[in-house]
Amino acid sequence: MLKLAMIGSRGHFGYVISCLPGLSGKVEVIGISSGCEDPIDRLRDSLREIGISPAVYDDYHELLGLKPDMVVIDGPFEKHAVMAIEALKQGIHVFCEKPIALNLSDLDELTKVYRAGKAKMISMVGLRYDGAFACAKKLVDAGAIGKIKLVKTQKSYKLGVRPEFYKHRASYGGTIPWVGSHALDWIIYFTGSCPEKIWANQTREDNFGNGELEIAAQCQMVLKNGVMASASIDYLRPASAPTHGDDRIRLAGTQGVLEVSGGKVKLIDAEGERFVDVPECERELFSDFVFDVLGERKAWVDGEDTLNLTRACLLAQESADSGELVLWH
C-alpha cells in the first residue's frame, strides 16, 4: 500500500481524485495541506465526496515528515520546484502539476536532485491520456504516416475569471509554460525529439485587465531530429464555445497526414481520407504513475520527459521575453 500525501489544489488535482476509487488497496491518502495561504476546502471536499477524510496539515513540511511514499504537488506554481526537490531528497515519488519549475536555475537543481536519487517523478501531462491523442500516438508509432516532417499544435482556452496569481509572472510563470506545455509536450511525445532551436512571441495586449498574463503566444521550433514544429497558444476561446479548450495537432509525414481535433482523428494516406475510430484510452495518468511506482508497468511519461518538457517551455518563454532565437541549453 502506497502512502500518499497531497499538497495544494491550484491545478489538476482532479487527475488524482478520479483515479483513487479504482486504486483501493494500492494507495492510502495519509494527509493533505494547502502548501500556502489558499483554503484547503476544494481538495478536502473532493476527497470527502469519494469517502476519504485524511488529516489536514497547515505546514506541508510536517506532512512530508510523515514519510509518504508519494506526494501530489499542486500548490503555488512558484513553489513546485522547491517542493519537488524536498520530496525527492527524501526518496518520495513526485506527481506534480506542470510546469514543475518556473525558471532554469530551479530546473537545473531539480534535474540534479532527481538524477542523483531513485524516486520517480512526472508532471501532469494528462492529455497524453486523452482518447483521441492516445489513438493518434499509436497510429504514428505503427508507421501510419511514415517519417514525421512537420508538426502543428494548438491550445486554445476560455479565459474566464482567473485567480489573482495568474496576473503576475512571478506566481503564474507565463502562458507558454502553463497553457502551452500540453502543445509542446505533444511535439516532443509524437516526434521523440526535443527542440534544438526555438523562436517564440507573445502578447499581453487586450488581456481583459489580467495584469501580466499573456493572452496569446506562438512558438516555432526546429527539433534535434530535424522535424519542424509550431505551437499556437491563446486564451481567446469565446465563452459561448461548447468546450473549455480547443486542442489540435496536425502531423505531416512522408506517407500521410494525421489530424486530431474535437476528439476526432482524421488520417489521410495512400488509401484516401477517413476518420479513425477512437476507443476510450485504456490508461489514466495518475493510475499509470502508481502502477509504474509499484513496478507493474512502465508509464507513458517519466522523469526525463518531465524535465525535457519543462526545459522546452522555459526556453520558449525566454525567447518570447527576449524576442530572440534561443538554442537548447
Side-chain angles (χ1 to χ4, degrees), residues 98-104 107 123 125 127-128 130 132-133 136-137 140 145-157 159 169 172-207 212-237 245-254 256-261 266 268 301 304-329:
K98 45 76 184 168
I100 203 165
L102 295 191
N103 59 69
L104 289 170
L107 179 61
S123 61
V125 287
L127 290 177
R128 289 193 181 196
D130 172 86
F133 288 96
K137 181 64 164 62
V140 167
I145 60 171
K147 182 180 179 181
I148 296 175
K149 301 297 293 183
L150 182 72
V151 181
K152 180 179 179 181
T153 62
Q154 173 185 296
K155 280 295 300 182
S156 178
Y157 279 162
L159 179 61
R169 170 62 72 83
Y172 172 45
T175 294
I176 291 175
W178 177 240
V179 179
S181 58
H182 293 295
L184 270 63
D185 184 57
W186 295 329
I187 291 170
I188 294 171
Y189 188 43
F190 277 87
T191 65
S193 184
C194 295
E196 182 176 56
K197 303 175 184 177
I198 305 175
W199 187 60
N201 288 281
Q202 62 192 1
T203 181
R204 294 171 178 167
E205 293 184 9
D206 305 306
N207 73 352
E212 297 176 341
L213 179 145
E214 298 89 9
I215 198 72
Q218 290 276 358
C219 304
Q220 300 287 334
M221 287 160 273
V222 177
L223 308 186
K224 294 180 179 181
N225 63 0
V227 173
M228 295 177 289
S230 66
S232 174
I233 306 155
D234 69 75
Y235 278 116
L236 296 169
R237 187 158 171 78
D246 184 4
D247 304 332
R248 307 183 184 202
I249 185 169
R250 179 180 183 271
L251 302 131
T254 55
V257 173
L258 192 63
E259 298 178 351
V260 178
S261 177
K266 182 169 70 174
I268 310 171
V301 57
E304 291 301 322
D305 291 339
T306 297
L307 296 172
N308 287 333
L309 170 61
T310 309
R311 186 168 298 277
C313 289
L314 296 180
L315 292 177
Q317 187 68 78
E318 180 182 308
S319 175
D321 287 342
S322 67
E324 298 178 355
L325 177 73
V326 170
L327 302 179
W328 185 268
H329 63 273

For a 4.5 angstrom cut-off between non-hydrogen side-chain atoms, does [X] reach [Y]?
{"X": "Leu102", "Y": "Arg169", "answer": "no"}
{"X": "Ile148", "Y": "Asn225", "answer": "no"}
{"X": "Ile188", "Y": "Asp305", "answer": "no"}
{"X": "Arg128", "Y": "Val301", "answer": "yes"}
{"X": "Leu104", "Y": "Leu315", "answer": "yes"}
{"X": "Phe190", "Y": "Ile249", "answer": "yes"}
{"X": "Glu214", "Y": "Asn207", "answer": "no"}

Interatomic spacing from [atom1] in [X] to [atom2] in [Y] - rounded to 0.5 Å:
{"X": "Leu251", "Y": "Lys149", "atom1": "CG", "atom2": "NZ", "value": "14.0 Å"}
{"X": "Asp185", "Y": "Lys155", "atom1": "CG", "atom2": "NZ", "value": "10.5 Å"}
{"X": "Gln154", "Y": "Ser232", "atom1": "CD", "atom2": "OG", "value": "5.5 Å"}
{"X": "Leu314", "Y": "Ile198", "atom1": "CG", "atom2": "CD1", "value": "9.5 Å"}
{"X": "Gln317", "Y": "Ser181", "atom1": "CD", "atom2": "OG", "value": "11.5 Å"}
{"X": "Cys313", "Y": "Leu184", "atom1": "SG", "atom2": "CG", "value": "5.0 Å"}

Check your understanding: Can you tell me if Asn308 uses its side chain to pair, donor with acceptor, with the backbone of Glu304 under 3.5 Å?
Key -> yes

Point to revise | Short side-chain to backbone donor-acceptor contact, Ser319 and Ala200, under 3.5 Å | key: yes

Point to revise | For Glu324, side chain to side chain donor-acceptor pair (under 3.5 Å) partners two or more places apart | key: none

Is the [atom1] atom of [X] crowded by more than 12 outside heavy atoms at less than 6.0 Å?
{"X": "Lys137", "atom1": "NZ", "result": "yes"}
{"X": "Lys224", "atom1": "NZ", "result": "yes"}
{"X": "Trp199", "atom1": "CH2", "result": "no"}

Review point. If you measure only the distance, is there a donor-acceptor pair under 3.5 Å linking the side chains of Asp321 and Gln202?
Key: yes

Study note, to complete from the structure: By ring pair (Phe, Tyr, Trp, His ring centres under 6.0 Å), Tyr189 pairs with (sequence neighbours left out) none

Exercise for review: Please work out which of the three classes, parallel, tilted or perpendicular, describes the rings of Tyr235 and Tyr172, given edges at 30° and 60°.
Suggested key: tilted

Check your understanding: Below 4.0 angstrom, N of the basic side chain to O of the carboxylate: do Glu259 and Lys152 qualify?
Key -> no

Review point. Looking at Trp178, is Lys98 sitting on its ring face, NZ or CZ under 6.0 Å from the six-membered ring centre and within 45 degrees of the normal?
Key: yes

